[in-house]
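Report on one structure; see the data block that follows.
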Amino acid sequence: MNTIKIYLEPLLAHVGLGADYIPIVRDGVLVIITILMAALAGWVFKLFIPLVGQLTRRTEAKWDEVLFNERVLRSACQIVPAIVVWLVLPSVFSEYPTGHETLARLTAIYITVMATRTFIVFTDSFHLLQGAKRTARQQYLYSFIGVLKIVLIFIAAIVVVAIAVDKDPSTLLAGLGAASAILMLAFQDTIKGLVAGIRLTSNEMVAVGDRITVPGAGADGVVEEITLTTVKVRNFDNTIITVSPQTLVDGSFQNWKGMKENVGRKVVRKLYIDFRSITVGEDGVVNLTRYRQHMEQWLAERADVLSDLVIMVHQLDSTPTGQPIEFVFWLEMQDALPYEHAISEIMEYAIAEAPVFGLTIYQQFPEQ
């Protein structure tokens, strides 16, 4: 820029411009050149965005394609013009110290803000790396990134204030030591959420994609998101319930993960047989015994019952309301609707088949 200034002054004088106007026109031309250089630098760097995208797509790894996505690169390109302006400011405004100082501070503030924004966009890209289900290690990473973003924004704010008032950022940070108690109070939910989130993930208590039931919060659905301060649950009626990680850690909740990972769902149902209908048949076998054996065989032959797991129809302790017979088996399905329909079909058959063996389902009639 100094070289341009050296050649520009004689050129302006050669075209007949007065000596009083040469510095004004020269500086105006330098400002225009600076703006054009900054815009050109930003445009040139944006040309590399498609090239970087093509390079990352050619690699077998997925992380580079996600972390260096278009949003991250475009955000980074917005810093380049400011860097160009920062570099040429001393030459353009060498004769205007006040203007140079003001523009230098504004440029430094812009670079700080945009660098912080680029870092946040970059860290947000980590969410694209997760699959259908977030692992405990990923949750650790996201919790750490959440805290890191808060710390970075706080430091960036301190740096911006320090640049604006022309103070050393370390001096301002040292002065905030007395206000640490206030900061701890302000971020107590975040700190508690971080600790609770680490406890949830380290013990594998809950993860994104798990179905959980939190009775005290009215949540019964699938976990969609886990952040520092909230666990977002989509209920089966599509309502969204947000629960704090601290609530899950301090209280109790039901995670249906084990059932979902199993090959089937266990079924336990009861029927009550009237004692007066239990008799010994002509073959010397009690009709209730024959009924239990028949039902076990019938269940084992059903396609939706897991025959390699427990199939049992057995007696429980007698009650004043009849002899309870318990059905224990596993259905090869996870979804609630077909699961309930299959149970209904099986128990309806069990009720209808009892009279074939001379058995009566106990039913208490109201007194006349």
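Note: hydrogens, waters and symmetry copies are ignored here, and every other heavy atom, side chains too, is used.
Between atom CH2 of residue W298 and atom CD of residue E353 there is a gap of 9.0 Å, rounded to the nearest 0.5 Å. Rounding to the nearest 0.5 Å places CD of E296 at 11.5 Å from CZ of F329. The line from CD1 of I158 to CD1 of I163 is 12.0 Å long, rounded to the nearest 0.5 Å. Rounding to the nearest 0.5 angstrom, the gap separating the CD1 atom in I351 from the CD1 atom in I346 is 12.5 Å. Of the inter-residue distances, the one linking L40 atom CG with I33 atom CD1 reads 12.5 Å to the nearest 0.5 angstrom. For the atom pair Y110 OH and I83 CD1, the distance stands at 10.0 Å (nearest 0.5 Å).
Between the side chain of Y291 and the main chain of A350, a donor-acceptor pair closer than 3.5 Å is present. Of the possible polar contacts, one joining the R105 side chain to the A164 backbone as a donor-acceptor pair under 3.5 Å is found. Between the side chain of Q323 and the main chain of I273, no donor-acceptor pair closer than 3.5 Å is present. Judged purely by atom type and a 3.5 angstrom limit, N287 has no side-chain atom pairing as donor or acceptor with the backbone of I278. The backbone N or O of V313 lies less than 3.5 Å from a partner atom in the side chain of R292, making a donor-acceptor pair. T289 places no side-chain N or O within 3.5 Å of a backbone atom of V285 that could act as its donor or acceptor partner. The backbone N or O of T360 lies less than 3.5 Å from a partner atom in the side chain of S277, making a donor-acceptor pair. The closest donor-acceptor contact from the side chain of T239 to the backbone of N235 lies at 3.5 Å or more, if one exists at all.
Using a 4.5 Å heavy-atom cutoff, the side chains of Q315 and L288 are in contact. Between L271 and P324 there is no side-chain heavy-atom pair separated by less than 4.5 Å. For the pair H314/V328, a side-chain contact is recorded, criterion being any heavy-atom separation below 4.5 Å from C-beta on. Two residues are said to be in side-chain contact when any heavy atoms from C-beta on lie closer than 4.5 Å; V267 and W330 fail this criterion. In this structure, the side chains of I120 and I153 come closer than 4.5 Å at one or more pairs of heavy atoms. Side chains of T242 and V233 form no contact here, defined as non-hydrogen atoms less than 4.5 Å apart. Counting heavy atoms from C-beta on, the side chains of I361 and D274 never come closer than 4.5 Å. Looking at heavy atoms from C-beta onward, S244 lies out of side-chain contact with V231 at the 4.5 angstrom threshold.
Note: the hydrophobic cluster containing L87 does not contain V80 (ILVMFWY, side chain heavy atoms under 4.5 Å, direct or indirect links). F119 and M114 fall into different hydrophobic clusters, defined by Ile, Leu, Val, Met, Phe, Trp and Tyr side-chain heavy atoms under 4.5 Å apart, directly or through other members. Transitive grouping of hydrophobic side chains (ILVMFWY, heavy atoms separated by less than 4.5 Å) brings I109 and V159 into a common cluster. Linking ILVMFWY side-chain heavy atoms closer than 4.5 Å, directly or via other members, places V160 and I79 in two distinct hydrophobic clusters. A single hydrophobic cluster is not seen to contain both I155 and I111; linkage of ILVMFWY side chains at heavy-atom distances under 4.5 Å, directly or through other members, places them apart.
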Next item on the list: Kindly indicate, with the supporting measurements, whether the criterion side chain to side chain contact (heavy atoms under 4.5 Å, CB included) is fulfilled by R290 and D283.
Entry: CA-CA 11 Å; R290 294 174 56 208; D283 54 0; 3.9 Å; yes
Checklist line | Step-by-step salt bridge (Lys or Arg N to Asp or Glu O under 4.0 Å) determination, E224 to R234 | finding: CA-CA 7 Å; E224 288 197 337; R234 180 179 292 275; 2.5 Å; yes
Notebook entry, point to check: Checking side chain to side chain contact (heavy atoms under 4.5 Å, CB included) for the pair R265/M333: CA distance, chi angles, key distance, verdict?
Noted result: CA-CA 7 Å; R265 293 180 64 174; M333 56 192 65; 5.8 Å; no
Next item on the list: Assess whether side chain to side chain contact (heavy atoms under 4.5 Å, CB included) is satisfied between L331 and I343, documenting all intermediate values.
Entry: CA-CA 9 Å; L331 285 175; I343 294 176; 3.7 Å; yes
Margin query: Run L248 and V214 through side chain to side chain contact (heavy atoms under 4.5 Å, CB included) and show every step you take.
Written below: CA-CA 8 Å; L248 299 181; V214 189; 3.7 Å; yes
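T213 pairs by the side chain to side chain donor-acceptor pair (under 3.5 Å) definition with D220, W256, not counting sequence neighbours. For S75, the side chain to side chain donor-acceptor pair (under 3.5 Å) test picks out R117, T118, with sequence neighbours left out.
A pairwise comparison of heavy atoms in A300 and S307 identifies O-CB, 3.9 Å as the closest pair. Residues V88 and M37 come closest through the heavy atom pair CG1-CE, 4.4 Å. Counting all heavy atoms, side chain and backbone alike, A82 lies closest to T107 at O-CG2, 3.3 Å. Of all non-hydrogen atoms in A108 and W86, the two that sit nearest each other are CB-CZ3, 3.9 Å. Across Y339 and K266, no two heavy atoms sit closer than the pair OH-O, 2.9 Å. Counting all heavy atoms, side chain and backbone alike, P320 lies closest to Y362 at O-OH, 4.1 Å.
Both tests do not hold together for R269 against F327: distance to the six-membered ring centre under 6.0 Å, angle to the ring axis within 45°.
For F275, the CZ atom sits in a packed shell: over 12 heavy atoms of surrounding residues, nucleotides or ligands are nearer than 6.0 Å.
Counting only residues at least two apart or on different chains, the salt bridge (Lys or Arg N to Asp or Glu O under 4.0 Å) pairs with a member in residues 297-320 are R302-D304, R302-E345.
With respect to the salt-bridge test (charged N to carboxylate O, under 4.0 angstrom), the residues E326 and K270 do not qualify.
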